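Because the structure is predicted, anything quoted here is derived from the model rather than measured. Any value given below was found using the heavy atoms of this structure, including those in side chains, with hydrogens, waters and symmetry copies removed. FYI, the numbering just counts along the sequence from 1.
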Amino acid sequence: MFDKGAGKTYNVRRCGVYSGRMERIMLEIFKTVEDKLQEDDMVSEGCWVALTKPTNEELQTVSRETGIDIDDLRAPLDDEERSRIEQEGDCVIVLVDIPSLDEKDRYVTIPLGIYMTKQAIVTVCLEETPVLRAFMNNRVREFYTFKKTRFVFQILYRNATSYLRYLRIIDRKSEQIEEKLHISQKNKELIELLELEKSLVYFTTSLRSNETVLEKLLRTDKVKKYPEDEELLEDVIIENKQAIEMANIYSGILSGTMDAFASVISNNLNVVMKFLSTVTIVLSIPTLIASLFGMNFVNIPLGDNPHGFLIVTVCTLVLTALVTIFFQRKNLF
């Protein structure tokens, strides 16, 4: 149990009473007992403490119970924090970027902090993520909270596969937008493509940062690794490299698609302007003739001819038709 306030003690659950009202407490503790994942009320040997957008009080509590410096626990709460691996005393800190959706349904990356102490594993994230939720729902095979090194590598593997899943979603969305562009060619679709291109840039940058962390994990002696754990870490590195390649491919395709449609839209604009200019020239012929005959002259050509108006009209139509045929032969219509 953790002391959650002045003179009051509450169990650490996903839902609890805090400050006199019902609200979700984003501090969860899990522990594998007899091959089954269970929620616990206290930090103990071999447990997993999961913090999701924690309050300062929760950070202080976990810092006090695990011995992790509170400034290190706050690091993943900065969405600009870089990926890295370092050791502070007996605690190994692994910071990586994970894929996420922001409030506007845009694909971005956020930091995830993994802290491995002799007693427990602590994770800190700005928001709830499917990367960790799969472990909480016990959907990961051979997952045990007391196998700390393997657990860390499993999180990293799950993160790499999440990037691959998000990249496939981005690819499908770009294809759907491309189909719309063939019909509408509006700014809305182009802006959506631009957002996807930005997401791919974020993903590529984060994946490269994660790659540096993974390679350092493979070489470092800070984390005790068993043979099966090393194989898992190598699988993580392979998945991460595949995600980098996919992100680069999709980014290149998307960039080429945007350039192509920008050229198409520019060409369509030129065609429309050319057509309008030609129509303006053709329509100016009868306007010019009518303006000349509409002037106040004493002796107007064909003014005494009873069929003068008809003759002028026919001549105007013939001249307009000839000019139209000329422009058509020049492919200006």
Side-chain angles (χ1 to χ4, degrees), residues 24 26 50-54 74-84 94-114 123-137 155-214 239-262 264-265:
R24 186 172 183 180
M26 305 303 285
L51 289 166
T52 306
K53 200 175 182 179
R74 288 196 182 103
L77 303 181
D78 179 10
D79 54 8
E80 300 295 332
E81 189 69 27
R82 63 182 178 85
S83 300
R84 66 181 187 276
V94 179
L95 285 176
V96 292
D97 288 329
I98 62 174
S100 178
L101 280 173
D102 65 7
E103 64 278 0
K104 296 182 180 179
D105 289 335
R106 294 177 300 191
Y107 297 95
V108 296
T109 59
I110 58 174
L112 169 66
I114 308 171
T123 59
V124 182
C125 192
L126 276 168
E127 59 188 51
E128 187 172 328
T129 169
V131 173
L132 298 180
R133 186 50 57 187
F135 293 94
M136 297 175 183
N137 295 335
I155 293 176
L156 296 175
Y157 184 84
R158 192 82 185 182
N159 183 40
T161 56
S162 294
Y163 272 105
L164 292 172
R165 186 175 68 254
Y166 275 99
L167 285 169
R168 294 188 186 98
I169 294 173
I170 290 175
D171 184 49
R172 287 197 298 269
K173 289 190 70 172
S174 65
E175 290 177 355
Q176 293 171 359
I177 297 171
E178 185 177 346
E179 290 177 0
K180 293 179 183 178
L181 273 173
H182 283 291
I183 302 172
S184 65
Q185 295 181 354
K186 293 181 180 178
N187 289 337
K188 178 183 177 183
E189 282 75 20
L190 289 174
I191 292 173
E192 288 179 358
L193 281 180
L194 179 62
E195 291 293 339
L196 292 180
E197 190 173 26
K198 287 169 60 179
S199 297
L200 289 174
V201 172
Y202 295 147
F203 277 20
T204 303
T205 304
S206 296
L207 283 166
R208 293 193 183 281
S209 299
N210 291 352
E211 183 181 32
T212 303
V213 172
L214 294 174
E239 291 290 318
N240 195 79
K241 288 183 180 295
Q242 183 181 351
I244 293 174
E245 292 176 2
M246 285 181 61
N248 288 331
I249 292 171
Y250 292 158
S251 181
I253 293 173
L254 200 55
S255 179
T257 301
M258 289 195 64
D259 292 341
F261 275 105
V264 169
I265 292 173

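Counting heavy atoms from C-beta outward, L77 and P111 have side chains that stay 4.5 Å or more apart. Using a 4.5 Å cut-off on side-chain heavy atoms (C-beta onward), M246 and R168 make contact. Counting heavy atoms from C-beta on, the side chains of I169 and R172 come closer than 4.5 Å. S199 places a side-chain heavy atom less than 4.5 Å from the side chain of I170. At a threshold of 4.5 Å between non-hydrogen side-chain atoms, the residues I177 and L196 count as touching. Contact of the S174 side chain with the Y250 side chain is not registered, since no non-hydrogen atoms from C-beta on lie closer than 4.5 Å. Inter-residue side-chain proximity for I155 and L112 is flagged as met; some heavy-atom pair is nearer than 4.5 Å. V94 places a side-chain heavy atom less than 4.5 Å from the side chain of V213.
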Should K173 and E192 be marked as a side chain to side chain contact (heavy atoms under 4.5 Å, CB included) after you check the CA-CA gap, both sets of side-chain angles, and the distance that decides it? CA-CA 9 Å; K173 289 190 70 172; E192 288 179 358; over 6 Å; no

Side chain to side chain contact (heavy atoms under 4.5 Å, CB included) for L164 and Q242? Distances and angles first, verdict last. CA-CA 8 Å; L164 292 172; Q242 183 181 351; 4.2 Å; yes

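Taken to the nearest 0.5 Å, the CD atom of E178 stands 9.0 Å off from the CG atom of L254. Atoms CG and CD1, on L156 and I98 in that order, are 11.0 Å from each other to the nearest 0.5 Å. Expressed to the nearest 0.5 Å, how far CG of D171 lies from CG of L200 amounts to 9.0 Å. If you take CD on E127 and CG on L132, they are separated by 11.0 Å, rounding to the nearest 0.5 Å. Here S100 contributes atom OG and R106 contributes atom CZ; the two are 11.5 Å apart, rounded to the nearest 0.5 Å. Here L190 contributes atom CG and E195 contributes atom CD; the two are 12.0 Å apart, rounded to the nearest 0.5 Å.
When each of L167, D102, L101 is tested with Y107 by the rule side chain to side chain contact (heavy atoms under 4.5 Å, CB included), just one qualifies, namely L101.
Side-chain N or O atoms of N240 include one that pairs as donor or acceptor with a backbone N or O of L207 at under 3.5 Å. The main-chain N or O of C125 is never found under 3.5 Å from a side-chain atom of T129 such that the two would form a donor-acceptor pair.
For the salt bridge (Lys or Arg N to Asp or Glu O under 4.0 Å) test, residues two or more places apart in sequence or in another chain that qualify with E81 are R84.
Sorted by first and then second residue, the pairs that involve residues 200-211 and meet side-chain hydrogen bond (donor to acceptor under 3.5 Å, both in side chains), not counting sequence neighbours, are S83-N210, D97-S206, T109-S206, E211-K241.
Contact detail for T161 and E239: the closest heavy-atom pair is CG2-OE1, 3.9 Å.
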